[in-house]
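This chain uses plain numbering: 1 for the first residue, then up along the sequence. Indexing begins at 1, ligand by ligand and atom by atom, following the structure's order.
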Amino acid sequence: MPSIDIKPVTAPELPAIAALAREIWQATYPGIITQEQIDFMLAQRYSSERLSQDLQSADKWLNQAFAGCRRIGFAFCERDKGEYKLDKLYIHPDFQRQGVGGALIAHAAHHAKQQGYPAVILAVNKNNEQAIKAYHKHGFTVRESIKTDIGQGFIMDDFIMEKRV
Ligand SMILES: CC(C)(COP(=O)(O)OP(=O)(O)OC[C@H]1O[C@@H](n2cnc3c(N)ncnc32)[C@H](O)[C@@H]1OP(=O)(O)O)[C@@H](O)C(=O)NCCC(=O)NCCS
């Protein structure tokens with residue numbers, strides 16, 4: 001694994017996070033969801049207004065990973081209906097499969113445990129095989145299967161996975 005630093009995200013870094021998200025989403029989701037759904041979800045979740053709100057929320061924790069001075073990924077966690085949720089985990093393709101995702105999962109699991117939560121949960125698209133494999137490798141198991149209407153006719157067809165901490 002490259003030597004990485006995990007640091008909290010700050011407000012001036014949000015445009016760089018949004019740009020990194022778009023790059024990784026475009027490398028990941030074509031073939032899993034339509035381009036229209038990718039654009040809709042990026043606008044919904046990574047607009048500057050939405051990211052600023054996330055950053056200011058006491059119930060959300062936004063972290064990013066650097067290899068040297070290069071920003072290579074991010075992990076956003078939140079309190080969701082009383083559970084600790086890993087809401088976003090994205091690693092740049094140049095740095096995937098080198099343990100960076102695992103390091104961010106371990107960081108989140110440690111934080112969840114410190115905060116007194118019994119587990120970390122997440123939602124993953126059922127056709128995102130690479131991510132599902134990674135989550136199994138890092139101790140998650142499938143808890144349930146859900147379909148969520150996210151507006152404008154788009155549906156998220158996900159597994160909810162859980163890792164005890
Ligand atoms: C899923 C993701 C976060 C995992 O992080 P990572 O740093 O790549 O994963 P790690 O190096 O910690 O773990 C490696 C394991 O992940 C899985 N994996 C990662 N990349 C893979 C690939 N290209 N093909 C198949 N499996 C892959 C494998 O299980 C692998 O273990 P192995 O090498 O022993 O087979 C990362 O690949 C990613 O950002 N993918 C694109 C975006 C995404 O789908 N995010 C999750 C949204 S819910």
Side-chain angles (χ1 to χ4, degrees), residues 1-9 13 16-47 50-51 54 60-68 70-81 83-112 119-150 154-165:
M1 184 173 79
S3 161
I4 61 160
D5 291 318
I6 299 175
K7 299 180 196 168
V9 175
E13 296 174 304
I17 292 285
L20 180 59
R22 174 164 284 283
E23 195 179 351
I24 302 172
W25 275 58
Q26 284 303 150
T28 303
Y29 288 119
I32 297 181
I33 53 178
T34 63
Q35 186 61 46
E36 289 72 24
Q37 184 161 352
I38 293 172
D39 292 339
F40 174 75
M41 291 180 72
L42 283 169
Q44 194 182 51
R45 290 151 185 238
Y46 295 92
S47 68
R50 173 62 194 270
L51 286 175
D54 288 351
K60 298 189 190 225
W61 303 281
L62 282 55
N63 285 300
Q64 57 191 331
F66 286 87
R70 183 163 170 197
R71 179 179 290 100
I72 60 168
F74 57 92
F76 292 4
C77 298
E78 64 184 27
R79 190 190 332 272
D80 180 40
K81 300 182 199 84
E83 295 194 277
Y84 190 102
K85 183 176 186 186
L86 176 53
D87 183 51
K88 300 177 172 66
L89 179 65
Y90 289 93
I91 312 302
H92 189 279
D94 291 353
F95 290 87
Q96 289 174 11
R97 218 170 188 174
Q98 297 171 46
V100 179
L104 285 166
I105 289 169
H107 189 268
H110 178 72
H111 183 239
V120 175
I121 64 160
L122 57 82
V124 58
N125 186 292
K126 285 178 194 160
N127 293 315
N128 192 348
E129 289 175 16
Q130 174 176 327
I132 293 169
K133 277 188 194 146
Y135 294 139
H136 277 299
K137 175 168 180 167
H138 295 300
F140 286 84
T141 54
V142 172
R143 184 170 87 181
E144 56 186 303
S145 167
I146 58 160
K147 283 198 171 85
T148 312
D149 184 339
I150 55 169
F154 296 118
I155 303 286
M156 288 196 331
D157 190 9
D158 290 337
F159 289 127
I160 301 296
M161 299 185 76
E162 175 182 282
K163 173 185 167 72
R164 308 297 293 179
V165 297

* If you measure every N/O of Gly101 against every N/O of ligand 1, is any gap under 3.5 Å? -> yes
* Structure fact -> Closest to atom 24 (N) of ligand 1 by heavy-atom distance, out of Met161, Lys88, His136, Arg97, is Arg97
* Asked: Heavy atoms only: which of Gln98, Glu129, Gln96 is nearest to atom 40 (N) of ligand 1?
  -> Gln96
* **Atoms in ligand 1 flagged as close to Lys133, the criterion being non-hydrogen separation under 4.0 Å** => 29 (O)
* **Heavy-atom side-chain contact between Arg143 and Phe159 under 4.5 Å** => no
* Gly102 to ligand 1: N or O pair under 3.5 Å? -> yes
* Would Glu13 and Arg71 count as a side chain to side chain contact (heavy atoms under 4.5 Å, CB included) if you check the C-alpha gap in whole Å, the side-chain angles of each, and the deciding distance to 0.1 Å? -> CA-CA 10 Å; Glu13 296 174 304; Arg71 179 179 290 100; 3.2 Å; yes
* Considering distance alone, does some N or O of Gln130 sit under 3.5 Å from an N or O of ligand 1? -> yes
* Structure fact -> In ligand 1, the atoms that come under 4.0 Å of a heavy atom of Tyr29 are 47 (C)
* To do: Kindly assign one of parallel, tilted or perpendicular to the pair Phe76 and Phe74, based on the angle between their ring planes and the thresholds 30° and 60°.
  => tilted
* N/O to N/O below 3.5 Å, does that happen between Ala123 and ligand 1? -> no
* Check whether any N or O atom of Phe95, backbone or side chain, sits under 3.5 Å from an N or O atom of ligand 1, and answer yes or no. => no
* Structure fact -> Atoms of ligand 1 under 4.0 Å from any heavy atom of His138, numbered from 1 in the order shown, are 10 (P), 12 (O), 13 (O)
* **Atom indices of ligand 1 within 4.0 angstrom of Lys137 heavy atoms, with elements** => 15 (C), 31 (O), 32 (P), 34 (O)
* To do: Distance to 0.1 Å, residue and atom name: give those for the protein heavy atom nearest to atom 41 (C) of ligand 1.
  => Thr28 OG1, 3.3 Å
* Asked: Are the side chain of Asn125 and the backbone of Asn127 linked by a donor-acceptor contact shorter than 3.5 Å?
  -> yes
* Asked: So, does Gln64 use its side chain to make a donor-acceptor pair with the main chain of Pro8 at under 3.5 Å?
  -> yes
* **Short N or O distance, Leu89 and ligand 1, threshold 3.5 Å exclusive** => yes
* Do Asn128 and Thr28 come within less than 4.5 Å of each other through their side chains, counting heavy atoms only? -> yes
* Counting N and O atoms only, with roles assigned by atom type, does the side chain of Lys163 sit under 3.5 Å from a partner on the main chain of Ala119, one being a donor and the other an acceptor? -> no
* Asked: Does Tyr135 reach ligand 1, in the sense of a heavy atom lying below 4.0 Å from it?
  -> yes
